[in-house]
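Predicted model, so just to flag it, every value in this text is computed and none were measured. Reminder, nothing fancy here: chain letters follow the sequence lines and each chain counts from 1. Quick note: numbers below take in every heavy atom, side chains included, and nothing from hydrogens, waters or symmetry partners.
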Protein chains: 2
Amino acid sequence: MTDNRIVDVARRASVSVATVSRVLNDSPLVSPKTKTKVMQAIEEMKYTPNASAKNLRSKKTMTLGVLVSDILISYYTEIIKGIENAANRLHYKLIICDAQNEKDKEIAYMSLLMDRTVDAMILVTPLMSDREIAAYADNGYQIGLIGRAVDHPDIPCVLTDNVKLAREVVNHLIGQGHGEIAFLSGYADAIDSYERLEGYMKALRDARLPFDPGLIENGNFNETGGYAAFKRLLEKGARFTAIFAANDEMAIGVYRACEELEIRIPGQLAVVGVDNERVSKYITPKMSTVEQPKYAMGALLAEKLIDRVNASDEPAERIFKLDSQLMIRASSQSNVE
Amino acid sequence: MTDNRIVDVARRASVSVATVSRVLNDSPLVSPKTKTKVMQAIEEMKYTPNASAKNLRSKKTMTLGVLVSDILISYYTEIIKGIENAANRLHYKLIICDAQNEKDKEIAYMSLLMDRTVDAMILVTPLMSDREIAAYADNGYQIGLIGRAVDHPDIPCVLTDNVKLAREVVNHLIGQGHGEIAFLSGYADAIDSYERLEGYMKALRDARLPFDPGLIENGNFNETGGYAAFKRLLEKGARFTAIFAANDEMAIGVYRACEELEIRIPGQLAVVGVDNERVSKYITPKMSTVEQPKYAMGALLAEKLIDRVNASDEPAERIFKLDSQLMIRASSQSNVE
DNA sequence: ATGAAAGCGCTAACAT
DNA sequence: ATGTTAGCGCTTTCAT
């Protein structure tokens with residue numbers, strides 16, 4: 001067991017602990033000869049520095065946290081991969097936190113920031129409110145946000161343009177000849193929901209199509225919610241030939257309901273989701289969706305956040321909007337089945 | 001910013017740091033009155049203990065690591081959820097590590113164990129060899145293994161019976177009238193591959209069917225590998241009416257190849273995978289597969305490992321075999337399309 | 001270029 | 001039941 005301490009290395013290499021520490025931290029103030037001697041001792045003893053001691057003394061951990069609401073969903077895991085690779089490149093480690101859609105777990109994980117286990121925390125569309133998020137930043141904790149923006153000077157945010165994205169989806173459906181398009185939103189208080197709804201309405205207005213609030217239902221961003229929301233639409237007698245779900249998970253729920261009710265997609269109902277989740281490509285018919293540059297979003301935010309953690313200079317840019325891309329597949333094309 | 005220390009709390013509550021520490025750690029040696037006083041001070045100052053200092057002093061971190069090869073694959077993420085919940089229940093935190101199928105990253109993450117960032121590390125079917133894994137345990141590091149067994153007295157392992165599982169799959173295919181069944185194995189050196197191959201052969205022998213090594217190909221446990229392996233089988237003119245892929249990922253690759261080549265599943269080819277990945281239920285035709293109790297495996301191992309970390313007594317049981325379950329869906333039933 | 005020593009914030013042994 | 005204090009293993013000033 002590596003229970004060696006820095007003094008043991010120092011002793012073996014016949015130098016002081018300060019010198020060993022310098023070697024360990026790549027200080028230029030060590031002669032090459034001494035450095036070799038120390039490295040050899042480290043090697044021989046299989047010495048590994050104790051992270052807790054190092055963190056305690058240096059007051060930083062070179063570790064980032066990412067908090068996502070469900071690691072089963074590929075939207076999150078792809079973002080995580082982007083973060084991870086960018087972080088590793090900059091010599092940061094990453095702690096992945098799965099809040100499992102529970103706000104309590106989210107809050108619990110935020111303690112990693114408060115107890116200084118991580119230097120900064122990245123939140124990917126959390127359940128927490130803007131106020132709550134801003135409060136952490138007010139207390140001096142470093143936070144980064146993905147898929148959402150919060151109005152606080154110290155919080156870098158990376159997101160896609162939800163309004164534009166929704167507009168493109170709806171334009172596409174209108175282009176396919178649909179005039180009655182239902183919309184499945186996510187959590188009522190999520191910005192994503194709100195902005196996608198806004199884009200939906202704008203597209204309708206652009207096309208001089210009537211806006212019918214009866215065609216809107218909330219599916220909470222998950223499969224079960226999408227399934228239920230779709231059924232509610234049918235039960236209340238809403239009439240529509242296309243449906244735009246604010247994410248793929250809800251669209252999958254719509255698929256399931258359609259299978260049960262023997263509604264053909266896209267023959268009787270065109271479906272479009274958002275996120276380009278893995279399943280959407282394999283499901284039949286292949287689902288039209290919107291690809292978000294998930295990996296790039298993760299990588300970009302990690303870089304910007306690490307910049308800020310080590311920043312002494314001016315604040316720099318804070319909001320980064322990346323482009324998304326409509327992926328038209330079978331589920332929304334009337335001439336394809 | 002919470003830059004308060006335990007002495008600040010002590011001062012405010014007019015007690016000693018020891019007393020504050022006792023309150024913080026739920027020691028029974030504090031009078032209720034003092035406890036209240038201290039808690040109030042903590043509350044007022046919004047004090048949070050510094051994790052590094054605590055870990056350094058107490059020589060434990062109450063943190064587990066899980067190392068998986070790809071968090072995009074639901075097999076891993078479901079295991080992670082099981083671990084996470086069991087760990088949290090026992091007041092342990094979890095660091096998720098995604099090695100991204102790179103052995104170098106695996107090794108890099110093992111340093112979390114060596115630098116004492118985690119008290120123990122759970123490996124889920126890693127690329128590392130048995131020897132390498134055993135070496136860590138020999139050096140006194142706590143390790144747990146999922147989906148694989150290693151012959152070392154200090155390594156608890158949770159796995160399913162691969163031989164039995166493969167046997168059931170092949171029996172099922174034979175029962176459907178198939179006599180020529182191809183087998184797609186994973187990494188040549190993975191125990192899973194070996195054991196599933198063994199079960200495959202046993203089932204053939206039981207049924208007095210000939211074993212043809214020309215029907216075996218390696219697909220490295222991923223989609224691309226499965227796709228390529230299947231094509232190799234065809235190119236070399238192998239004849240078979242059913243294929244058993246050692247995991248769903250490879251089976252998905254087979255699906256893709258079949259789509260391109262217009263081979264009907266299950267009409268012309270029956271397909272069975274292993275793992276019951278999320279996609280297998282959504283793909284058309286629905287894929288027959290083997291459900292492994294992933295969540296339960298994660299939870300069980302986490303419990304057993306934490307037991308060991310805190311153990312002073314006898315070693316207890318070490319290998320835990322859980323039952324898997326064959327899920328017969330459309331892809332392997334000749335009378336269903 | 002190298003060393004001596006203080007101290008990061010906490011726990012736990014010991015004293016009372 | 002509470003307080004005093006040593007020390008976990010490291011980094012970093014200050015001295016040489």
Going by atom types only, do B:D119 and B:T61 share a side-chain donor-acceptor pair under 3.5 Å?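 The criterion, which ignores hydrogens and geometry beyond distance, is satisfied for B:T61 and B:D119.
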
Distance below 4.0 Å between [X] side-chain N/O and [N] OP1 or OP2:
X	N	answer
A:K54	D:dT11	yes
B:T19	D:dG3	yes
B:K35	D:dA1	no
B:S21	C:dC10	no

Reading DNA chain D from 5' onward, which residue's closest nucleotide shows up sooner: B:S31 or B:R57?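 With B:S31 and B:R57 compared, the 5'-side residue is B:S31.
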
Which is more 5' along DNA chain C, the nucleotide nearest B:S58 or the one nearest A:S14? Just name the residue. A:S14

Using atom [atom1] of [X] as one end and atom [atom2] of [N] as the other, report the distance to the nearest whole Å.
X	N	atom1	atom2	result
B:L24	C:dA12	CG	P	12 Å
A:K37	C:dT2	NZ	C1'	10 Å
A:D115	C:dC8	CG	P	19 Å
B:R11	D:dT4	CZ	P	12 Å
A:L56	D:dT12	CG	C1'	13 Å
A:L29	D:dT11	CG	C1'	14 Å
B:Y47	C:dG9	OH	P	10 Å
A:N55	C:dC10	CG	P	14 Å

Derivation and outcome, side-chain hydrogen bond (donor to acceptor under 3.5 Å, both in side chains), residues A:S27 and A:N25: CA-CA 6 Å; A:S27 160; A:N25 294 288; over 6 Å; no

Which one, C:dA13, D:dC10, C:dT2, comes nearest to the side chain of A:I6? D:dC10

Answer yes or no: is there an ion pair linking B:R148 with B:D130, defined by an N-O contact shorter than 4.0 Å? yes

Closer than 4.0 angstrom, basic N to acidic O: yes or no for B:E132 and B:K103?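 Yes, charged N to carboxylate O under 4.0 Å.
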
Pair of N/O donor and acceptor under 3.5 Å linking D:dG3 base with B:R22 side chain: yes

Need one value for [X]: base, sugar-phosphate or nothing, where a base atom within 4.0 Å counts as base even if backbone is also close, heavy atoms only.
X	result
A:V15	sugar-phosphate
A:T34	sugar-phosphate
A:N25	sugar-phosphate

Intermediate values then yes/no, side-chain hydrogen bond (donor to acceptor under 3.5 Å, both in side chains), A:N85 and A:Y295: CA-CA 9 Å; A:N85 288 320; A:Y295 185 95; 2.8 Å; yes

